[in-house]
Amino acid sequence: MPRLFYQLIFIGTALLGMAGCERSEPPVFRFNSVEWVKQEKTHLSDDEHFPEAYKTEIGTIMTALFGTPDDPKFPFFLGDDDPAHDIISIENLRMAAGPTRVDKRERASGLYREHCAHCHGITGNGAGDTAASLEPYPRDFRLGKFKFKSTPLRSPPTDHDLTEILVNGIPGSAMPSFRTLPEDQIQSLVEYVKYLTMRGQFERFLLGELAALDGEPLIDLSLVDKPSGEEPSEDDIEEFEDQMYTVIGEGLQERIIARWLRPERKVTKIEAAPPEFDMQHQEHAQFVQQGRELFFAKGNCMQCHGDTGIGDGQLNNFDDWTNDWIKSADVDPGDPASYSDFSAVGALPPRPVKPRNLTRHYYRGGDHPDDLYLRLRNGIEGTPMPASTAMTSDEIWAVVAYVRAMPYLDSKKNGSVKPVNKKQVMR
Amino acid sequence: MKRVFFCTLLFVLCVSMSSVSSAQDGWGNLTGQIVISGDVPENQPEAVKDNPDKAVCLVDGKVPLDDGVVVNDKNQLRDVYVMMYTGRGADTPDTYHPSYEAQKAVKLTLDNDKCRFVPKASFARPGQTLILKNSDNVGHNCRIATMEHEHNVNIVKNAASEIVLGEESDKIPGEVKCDIHQWMDAIILIRDNPYVSISDKDGKFKIENIPAGDWKFQFWHKKGGYLKTIEVKGYEPDRRGTIEATIKSGETLDLGTLSLPGAALTK
């Protein structure tokens, strides 16, 4: 009897184990199908499609270089000497990757899936389960663009910038604060976000290349590994090296990874604010007034943020993550039928990007005066917000002073309000 | 070290030689003229719609046509980039003619005039200064997005802003846009290899002082991408719109009239 009992338990456990395996098939990185459809529409005529085999080729290259969500890899081409060790450590990636668990020594791993994946998606494509119901949509990391950072456009954020976002969250969006996580866990998530970003950037690069190649393989292994078994000729080897160099050397190493090295060198210097910036200073009111004038003249701010600053100036722009695909031929963001091919592969309905309502005292990229200075000096990547190249640092500080005062001014005095946002003014 | 010294010496020699005379020894030119064959694609009116700045954006009181395909009365095509190919597997010269050194110091102007970028197509070298000018009485922003460069600059009415381009080189031209007036668009190529010519209002192009040798040249247009269907007498352009041409020392290679089927310009 006891024996049978143990046998039953054994069989039961085995079955449960199997069922468990089936249920928790390891998650995979999702192919960038929106980019695929976009490239098809750009390069092919209406009824043409790229062969599915292209997807397999890209998938093979991606997995070889970056691994899987459970087993991340990073292409350290120079081995231990690779400078990329300064920005990514495999230990940190492993802490963030994989299923959520705590080991016997209470070390947590699977942090990304625990904290991030439900919005940003396993792939970092901004298409997690909750994505469609959030406003704004969660960030898709794969474009390599980040809004709130201390570096100019096209320069990646520093670890410190990403840490600030994780620690403070993004007020006015669904992005919460992860202030309670220990420092090492935050750092592991920062590195995992960079990993997903570089991975996504490279996938987009491959998709762009593939289209331009018109059906030739990206890296033709048969050049050096001939099915007939014969030795490759020198020309074959040269061609193979050339392909490797273009795809991996230029495409990944130079265009993507090298740019992520030492972003600190690109950090924008924040000039000290003049004494009038201090609210206690006797000329502070005049300084705010100067900022107000700049808001309407040299700053050109009212063009998008509206005369009253409630964000009703420019209402029909889209951000870069949306523009990236809605600029394809025949797509009309107001007509879902025109982009059904994109919706079918997961593109979320386009929503116009809203200029910030400056009469509320929350700022997505942080409310420290330095944060506002950086938004004005550099603009906001991925959005229509431009850099105020023509303004001196004192002028920028004046606009910052005015913007910070705006929630406490009577906005209706500043000018007319468009009906679309009247409700917001009457809050 | 020796090598650096030698290169410097060579460079100094070249510069001093060129100042003596515009020596053509070792260098040649490439010219031609591009004409559209068949129907010229029609430009649609710009999508000005009911933009609040409409009054500033009209030309002679009317909404202007898009300037995507610009031809003269002989259907000769403006804004085609003819450029030495620097892409995959390309052979490119190690040194450029010294005359191109001065090009980098020139400040390039990109104007906003009646809600239109002028010029439509431009070429800049890395590190070059761009003057983003606004002749209009409304504010614009100037969003430059190429493969390697990105700027988004606020340009106040009747004023100008300057930016200095970064050091990276692009392979094909990228876009210039204004977010406030979304129909506005221009194109810019930013790269170090200076062997680029943009066809003028008569479809003519000329690349000067190319090192003698065999080089690939590429034809590119915003509305057509790589112009693989362009007809060049004596050459067969490949799928990336490139031909390989031999530049001879002291000579100008004239490709004559290149004809491009209008159907190629539909993007």
Side-chain angles (χ1 to χ4, degrees), chain A residues 41-43 45 145 152-155 205 208-209 211-216 238-239 241-243 245-247 250-251 254-255 259 266 294 296-304 313-314 316-320 323 327 329 353 355 376 378-391 418, chain B residues 47 49-53 86-90 130-134 138-166 168-172 174-175 177-182 185 223 225-226 228 238-241 263 266-267:
Chain A
K41 288 193 184 291
T42 311
H43 294 275
S45 45
K145 294 188 185 217
L153 305 193
R154 274 304 157 96
S155 299
F205 165 78
E209 276 291 293
L213 283 175
D214 253 357
E216 288 182 12
E238 203 180 305
E239 171 65 20
E241 283 176 351
D242 187 39
Q243 290 176 355
Y245 176 71
T246 312
V247 175
E250 256 182 19
E254 288 175 22
R255 288 199 62 243
R259 298 222 175 145
K266 294 272 178 84
L294 287 163
F296 286 94
K298 205 169 177 183
N300 207 21
C301 316
M302 77 302 169
Q303 199 127 19
C304 291
Q314 187 82 19
N316 55 356
N317 272 322
F318 294 90
D319 64 25
D320 284 4
N323 272 330
K327 293 292 175 195
V353 56
L376 284 158
N378 287 348
I380 299 178
E381 186 165 78
T383 77
M385 173 75 185
S388 302
T389 314
M391 279 204 263
K418 289 182 189 167
Chain B
K49 295 177 189 161
D50 49 359
N51 190 291
D53 300 327
T86 60
R88 193 177 163 114
L130 232 55
I131 301 174
L132 304 171
K133 192 178 158 194
N134 186 356
V138 293
H140 290 288
N141 72 340
C142 183
R143 192 116 83 112
I144 300 173
T146 71
M147 283 294 272
E148 307 293 338
H149 296 258
E150 187 162 350
H151 295 272
N152 182 4
V153 182
N154 186 8
I155 34 178
V156 187
K157 57 187 175 187
N158 304 312
S161 291
E162 283 190 11
I163 55 167
V164 178
L165 296 171
E168 292 84 2
S169 281
D170 285 312
K171 294 208 160 57
I172 56 167
E175 275 199 333
K177 302 280 288 179
C178 170
D179 287 292
I180 302 163
H181 313 98
Q182 292 169 40
D185 63 332
K223 291 272 173 187
Y226 306 128
K228 52 187 172 191
D238 68 7
R239 62 199 160 82
R240 289 197 169 185
T266 49
K267 269 181 195 163

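Reckoned from all heavy atoms, side chains included, excluding hydrogens, waters and symmetry mates. Within every chain, numbering begins at 1; the chains are lettered A, B, ... in the order of the sequence lines, protein sequences first and strands thereafter.
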Non-hydrogen atoms of chain A under 4.5 Å away: do they reach the side chain of B:I155, the backbone, both or neither? backbone
Salt bridge check, [Y] against [X]: does any charged N sit closer than 4.0 Å to a carboxylate O?
{"X": "B:E150", "Y": "A:K145", "answer": "yes"}
{"X": "B:K171", "Y": "A:E250", "answer": "yes"}
{"X": "A:R255", "Y": "B:E148", "answer": "yes"}
{"X": "B:R143", "Y": "A:D320", "answer": "yes"}

Do you know the tightest heavy-atom contact between [X] and [Y]?
{"X": "A:T383", "Y": "B:N152", "result": "O-ND2, 3.4 Å"}
{"X": "B:G139", "Y": "A:N300", "result": "CA-ND2, 3.2 Å"}
{"X": "B:V156", "Y": "A:A297", "result": "CG1-O, 3.5 Å"}
{"X": "A:P384", "Y": "B:N141", "result": "O-ND2, 3.2 Å"}

Is there side-chain contact between B:Q182 and A:Q314, with at least one heavy-atom pair below 4.5 Å? yes
Heavy-atom donor-acceptor pair, B:N154 side chain to A:G299 backbone, under 3.5 Å: yes
CD of B:E162: more than 12 outside heavy atoms within 6.0 angstrom?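 Yes, the 6.0 Å shell around CD holds more than 12 heavy atoms from other groups.
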Answer yes or no: does atom NZ of B:K133 have more than 12 heavy-atom neighbours from other residues, nucleotides or ligands under 6.0 Å?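 Atom NZ in B:K133 is not packed in, count stays at 12 or less.
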Pairs of heavy atoms under 4.5 Å with chain B: top-ranked of A:N316, A:I380, A:T42: A:N316
Taking A:N323, A:N317, A:T246, A:T389 one by one, which has the highest count of heavy-atom pairs under 4.5 Å against chain B?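 Top option by heavy-atom pairs under 4.5 Å: A:N317.
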Would you compute the distance between atom NZ of A:K327 and atom CD of B:E175 and round it to the nearest 0.5 angstrom? 8.0 Å
Can you tell which part of A:M391 gets under 4.5 Å to a heavy atom of chain B, answering side chain, backbone, both or neither? neither
